[in-house]
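This report refers to the structure that appears directly beneath it.
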Amino acid sequence: MKLFKQYLALVVSVMITGLGAAMSLKAAIGVGPWDALAQSLSYITLIKVGTVGMILNILCIFGQMILQKKDFKLISLLQFPIGILNGMWINYLYYDVLGPIPIESYGLRVVMFVVAILLIASSISFMMELNIVSFSLEAFCLALAEKYQLRFAHLRQLGDVLFVLISIALTLIFRVPFTLREGSILIALSFGPLLSFFMPKMEKILVKLDLT
């Protein structure tokens, strides 16, 4: 029963993360580096942004398998359904639910974006404290760090820089809308501190719900 509750909590946290991602996309004042790359590729290929995210997540999982070989854990295969669920959920919310709703006020876009960041930071903190499986990008960076004896934090930050540069290059080459704006700066400045704020609180919630 406890294991079922843990996996149910994992699914709920993934869906909350997807809701935050869809809201940040709808706000259209900038997204984080990973989402910026996915959105830029979506503009170019005309593939839905959640589907692009699925493809990128699957590539990260295969990257882990190549790096870890026999050390790749079976539990890590959960990243496949998590990535697919997250991508499908983002597509549904962004295109079908939020898509038809006009949001012309910049102030309302800012409010939506701030709520989105809070949802994403709190749900990811919950997932990290639950410690069943992480998102594929973080898992790939961790595998890369362990393989080549690098610092995870530095490698993850380097990944963000790379995603930003690729997104800018794609925007300039293919003349698609910029996905990096003022909101991207807000994410860069606030996301780390928000994780530090939420993680202890999520740990207490997990203990109270008997999910540890």
Side-chain angles (χ1 to χ4, degrees), residues 5-39 41-42 48-61 64 75-99 109 111-142 152 156 159-160 163 179 183-184 186-203 205-206 209 211:
K5 288 169 61 179
Q6 288 177 325
Y7 282 104
L8 180 61
L10 176 64
V11 170
V12 171
S13 61
V14 169
M15 295 184 77
I16 293 174
T17 303
L19 173 60
M23 289 176 65
S24 69
L25 289 166
K26 179 63 179 179
I29 61 169
V31 291
W34 177 254
D35 290 329
L37 175 60
Q39 194 172 28
L41 289 170
S42 176
K48 289 183 176 181
V49 64
T51 306
V52 173
M54 283 188 227
I55 295 169
L56 293 175
N57 281 318
I58 289 171
L59 289 175
C60 285
I61 299 169
Q64 292 169 59
I75 190 69
S76 297
L77 291 174
L78 280 176
Q79 294 173 69
F80 281 110
I82 285 175
I84 292 170
L85 172 64
N86 191 50
M88 292 175 64
W89 184 235
I90 289 173
N91 281 344
Y92 173 68
L93 292 174
Y94 180 53
Y95 295 102
D96 299 328
V97 177
L98 298 175
R109 289 179 181 273
V111 171
M112 177 180 279
F113 188 79
V114 171
V115 172
I117 294 176
L118 292 174
L119 287 174
I120 294 170
S122 60
S123 57
I124 288 181
S125 297
F126 188 86
M127 282 185 67
M128 292 173 70
E129 290 297 330
L130 192 58
N131 197 29
I132 296 175
V133 66
S134 62
F135 281 113
S136 57
L137 173 61
E138 281 70 27
F140 172 71
C141 289
L142 183 60
F152 169 77
R156 183 63 182 82
D160 280 345
F163 301 146
T179 56
S184 306
L186 181 59
I187 290 178
L189 294 176
S190 66
F191 199 70
L194 282 173
L195 288 180
S196 298
F197 172 78
F198 278 118
M199 285 180 70
K201 297 184 181 338
M202 294 304 164
E203 183 181 9
I205 291 173
L206 286 170
L209 294 175
L211 292 174

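Bear in mind the structure is a predicted one, so any value in this text is a computation, not a measurement.
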Under the side-chain hydrogen bond (donor to acceptor under 3.5 Å, both in side chains) criterion, do Thr51 and Asn91 qualify, and how do the steps go? CA-CA 7 Å; Thr51 306; Asn91 281 344; 2.9 Å; yes
Spell out, as yes or no, whether a donor-acceptor pair under 3.5 Å connects the side chain of Tyr94 to the backbone of Ala21. no
Judged by atom type as modelled, is there a donor-acceptor pair below 3.5 Å linking the side chain of Asn57 to the main-chain atoms of Gly53? yes
Those residues at least two apart in sequence (or on a different chain) that pass salt bridge (charged side-chain N to carboxylate O under 4.0 Å, His left out) with Arg156 are Glu138, Asp160
Closest approach of [X] and [Y], non-hydrogen atoms and distance?
X      : Y      : value
Ala121 : Leu195 : O-CD2, 3.6 Å
Ser136 : Ile61  : CB-CG1, 3.7 Å
Ile117 : Ile187 : CD1-CG1, 3.8 Å
Ala139 : Ser134 : CB-OG, 3.7 Å
Phe140 : Cys60  : CD1-O, 3.6 Å
Pro200 : Ser196 : CD-O, 3.1 Å

One pair to check against side chain to side chain contact (heavy atoms under 4.5 Å, CB included): Phe198 and Glu129. What are the steps and the verdict? CA-CA 10 Å; Phe198 278 118; Glu129 290 297 330; over 6 Å; no
List the steps, then state whether side chain to side chain contact (heavy atoms under 4.5 Å, CB included) holds for Phe191 with Ile120. CA-CA 9 Å; Phe191 199 70; Ile120 294 170; 3.8 Å; yes
How far does [atom1] of [X] sit from [atom2] of [Y], to the nearest 0.5 angstrom?
X      : Y      : atom1 : atom2 : answer
Met88  : Met54  : CE    : CE    : 6.0 Å
Arg109 : Ile29  : CZ    : CD1   : 8.5 Å
Ser125 : Leu130 : OG    : CG    : 12.0 Å
Leu209 : Lys5   : CG    : NZ    : 7.0 Å
Lys48  : Asp96  : NZ    : CG    : 5.5 Å
Ile82  : Leu77  : CD1   : CG    : 11.0 Å

Is there a side-chain contact between [X] and [Y] in this structure, where contact means two heavy atoms from C-beta onward sitting under 4.5 Å apart?
X     : Y      : answer
Val12 : Phe126 : no
Thr17 : Phe135 : yes
Leu56 : Phe163 : no

Counting only heavy atoms from other residues, nucleotides and ligands, does the tally under 6.0 Å from OH of Tyr92 exceed 12? no
Could you list the donor-acceptor pairs under 3.5 angstrom formed by side chains in residues 30-39, with sequence neighbours left out?
unit_1	atom_1	unit_2	atom_2	d
Gln39	NE2	Tyr43	OH	3.3

Should Tyr7 and Leu78 be marked as a side chain to side chain contact (heavy atoms under 4.5 Å, CB included) after you check the CA-CA gap, both sets of side-chain angles, and the distance that decides it? CA-CA 10 Å; Tyr7 282 104; Leu78 280 176; 3.4 Å; yes
With sequence neighbours excluded, tell me which residues meet ring-ring contact (aromatic ring centres under 6.0 Å, His included) with Phe80. Phe62
